[in-house]
Each structure stands twice: as C-alpha cells, then as structure tokens.
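Comments concern the structure below.
Excluded from the calculations below are hydrogen atoms, water molecules and symmetry mates; all remaining heavy atoms, backbone and side chain alike, are included.
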Amino acid sequence: MFKRLVTAAVTAVLIAGLGACSRGSDVHDEGTDQSVGVDRNSGSGAEESRPGPATTTDASVFGLRDEVRHLAAKTTRATRPHMTRKCTTATHRVKHTKSSGSGSKRRTRTWYSTEQSKSCRQVRNGTETYTRVVRPERWCVSLDNLGGDAKKDDVWYQVGRSTYDAAVGTDRSVRMEFTPKHSGC
C-alpha cells in the first residue's frame, strides 16, 4: 500500500515538472505582426555541445533583432610531445602438477611450460606539430528592447548555428525569441 502511494506521488511530481517545462518552439506575440522563434532543439542538429564560459543561460530571451556577428575559429600551430606505444614481451616458466589416486597409491605428475606475457606503455618519442584552437567558432545575435524594455539595447548573446541562420534570414527590428547558449559575445 505504501509503495503505491510513493509511486503515485513520484509520478505526479514528474508529470507536473514535465508539463511546466514543455513549450512550443515557435512563440508568437499577439502585439506584433511577425515572429521568429528558434528553440534549442530545432535546426539542423549540426551545433556542437561544448562547455563554455560560466555565464550560461537556460531562459528564453526576446527582443528586436539588431545585429549579427560570426567569429571564425582562431587557431595556431603548436608542438607537443609525440607519444608512441612501446611493448615488451617476457617469458616465464610455469610449474604444473596433477595428482591422481589416494593414500599410498597417490601419484603426482609435474611438468613445466613457458608462457609469454606482453606489457605496453606510452613513451615520448620526439615532438609533433598540431593545430591548436585558441578560440572556438561562435555565432552571436544582438537584441534591442530586451524583454520589452526600451532601455535595454545592444545586448549580445552567443547562439547556436541554427539560431544565427534564422537571425540572418530576418530583417532588423523584427521580434526574435530564442534560448541563448551564453550571454555576451
């Protein structure tokens, strides 16, 4: 009986939580004629999910599209130790015994075999040149009248590729709503 009550309570909490979190990807404000909505899950799926700065936002923001900015990845040549795998084999003699019979008629047979073992480890073998990413590729969108407040202009957000493409495809001063990856650019 108690187990059923606990299960029912957990189910009710999960349903309430999921119901509060679910929302459509295209949000239209009744006060404007145009709306562009991009959800985190929409788009081509080509966006990478990598950890970024500590200013991560999960809330959806809206405002009038101002400017867009694409920052290409910045790379440099660097060197690092070249590691190779070095393996050594070893052989050791193993003693085997087999007993048969019992009491005074007990016999023990002994024989030896050679078994091989292999152990490997990483060792440094010179250096290698590689391309180091100094700054990853970023897509940014600037919003005016953030959250409907006329005083909050030119607020930059780092967004995914699909959100950036949607912003490029719209005119300036068109209402946009999206979920940014990070604030700032």
Side-chain angles (χ1 to χ4, degrees), residues 17-18 21-27 36-94 112-147 149 151-185:
L18 292 174
C21 294
S22 65
R23 221 179 111 184
S25 64
D26 190 12
V27 179
V36 176
V38 179
D39 192 289
R40 177 175 285 184
N41 297 327
S42 67
S44 63
E47 299 174 13
E48 297 178 19
S49 61
R50 73 177 147 251
T55 57
T56 304
T57 59
D58 284 333
S60 185
V61 296
F62 69 91
L64 303 179
R65 178 200 170 257
D66 188 20
E67 296 180 40
V68 293
R69 181 184 297 163
H70 174 244
L71 298 171
K74 190 175 184 183
T75 60
T76 186
R77 303 284 287 166
T79 58
R80 63 184 170 203
H82 179 69
M83 304 301 282
T84 58
R85 187 174 166 188
K86 184 177 181 181
C87 298
T88 57
T89 57
T91 58
H92 57 280
R93 196 171 173 204
V94 180
Y112 296 90
S113 67
T114 304
E115 293 185 359
Q116 291 188 347
S117 63
K118 182 178 178 181
S119 63
C120 298
R121 61 188 176 103
Q122 295 286 330
V123 294
R124 182 176 172 168
N125 186 11
T127 60
E128 63 183 1
T129 304
Y130 72 103
T131 303
R132 184 170 62 93
V133 177
V134 177
R135 179 189 66 208
E137 187 173 23
R138 287 187 283 190
W139 298 275
C140 302
V141 176
S142 171
L143 294 179
D144 286 341
N145 297 341
L146 183 67
D149 187 356
K151 294 179 183 176
K152 291 186 180 178
D153 288 343
D154 296 323
V155 180
W156 284 96
Y157 289 103
Q158 186 176 343
V159 297
R161 177 70 189 260
S162 61
T163 305
Y164 174 82
D165 290 341
V168 168
T170 62
D171 296 327
R172 288 180 72 148
S173 299
V174 171
R175 183 182 189 278
M176 282 195 73
E177 181 169 346
F178 54 85
T179 303
K181 286 187 170 185
H182 308 287
S183 59
C185 188

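Looking at Glu177 and Arg175, a side-chain N of the basic residue comes within less than 4.0 Å of a carboxylate O on the acidic one, giving a salt bridge.
You'll find the side chain of Asp66 stays beyond 4.5 Å of the side chain of Asp153, heavy atoms only. Using a 4.5 Å heavy-atom threshold, the side chains of Glu67 and Trp156 count as touching. You'll find the side chain of Tyr157 reaches within 4.5 Å of the side chain of Phe178, heavy atoms only. Within the 4.5 Å cutoff, the side chain of Thr91 has no heavy atoms near those of the Glu115 side chain. For the pair Arg85/Arg121, no side-chain contact is recorded, criterion being any heavy-atom separation below 4.5 Å from C-beta on. When side chains are defined from C-beta on, Leu143 does not count as touching Leu64, because their heavy atoms never get closer than 4.5 Å. Side-chain contact between Ser142 and Asp154 is present, with heavy atoms from C-beta onward closer than 4.5 Å.
Shown here for Ala167 and Val141, the closest heavy-atom pair between the two residues is CB-CG2, 3.8 Å. Scanning all heavy atoms of the two residues, the minimum distance from Cys140 to Gln158 falls at SG-CA, 4.2 Å. Nearest approach of Cys185 to Leu71, heavy atoms of both residues: SG-CD1, 4.0 Å. Nearest heavy atom pair, residue Pro180 against residue Ala59, reads CD-O, 3.5 Å.
How far OG1 of Thr89 is from NZ of Lys118: 8.5 Å, rounded to the nearest 0.5 Å. For the atom pair Met176 CE and Asp144 CG, the distance stands at 12.5 Å (nearest 0.5 Å). How far CZ of Arg138 is from NZ of Lys181: 11.5 Å, rounded to the nearest 0.5 Å. From Tyr164, atom OH reaches atom OG of Ser162 across 13.0 Å, with rounding to the nearest 0.5 Å.
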Go through it in stages, so that I can follow the logic: the residues are Arg77 and Thr131, the test is side-chain contact (heavy atoms from CB on, under 4.5 Å), and I'd like the CA-CA distance, side-chain angles, deciding distance and then a yes or no.
CA-CA 5 Å; Arg77 303 284 287 166; Thr131 303; 3.4 Å; yes

The test is side-chain contact (heavy atoms from CB on, under 4.5 Å); show your working for Val61 and Leu146 and say whether it passes.
CA-CA 7 Å; Val61 296; Leu146 183 67; 4.2 Å; yes

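Checking Ser119 against Thr88 by side-chain atom types alone, a donor-acceptor pair falls below 3.5 Å.
When the side chain to side chain contact (heavy atoms under 4.5 Å, CB included) test is applied to Arg93, the partners found at least two apart in sequence or on another chain are Tyr112. A search for side chain to side chain donor-acceptor pair (under 3.5 Å) contacts involving Arg80 returns Glu128, not counting sequence neighbours.
The local environment of CZ in Arg135 is crowded, with over 12 non-hydrogen atoms from other residues, nucleotides or ligands closer than 6.0 Å.
A ring pair (Phe, Tyr, Trp, His ring centres under 6.0 Å) check over residues 68-89, counting only residues at least two apart or in different chains, returns the pairs His70-Trp139.
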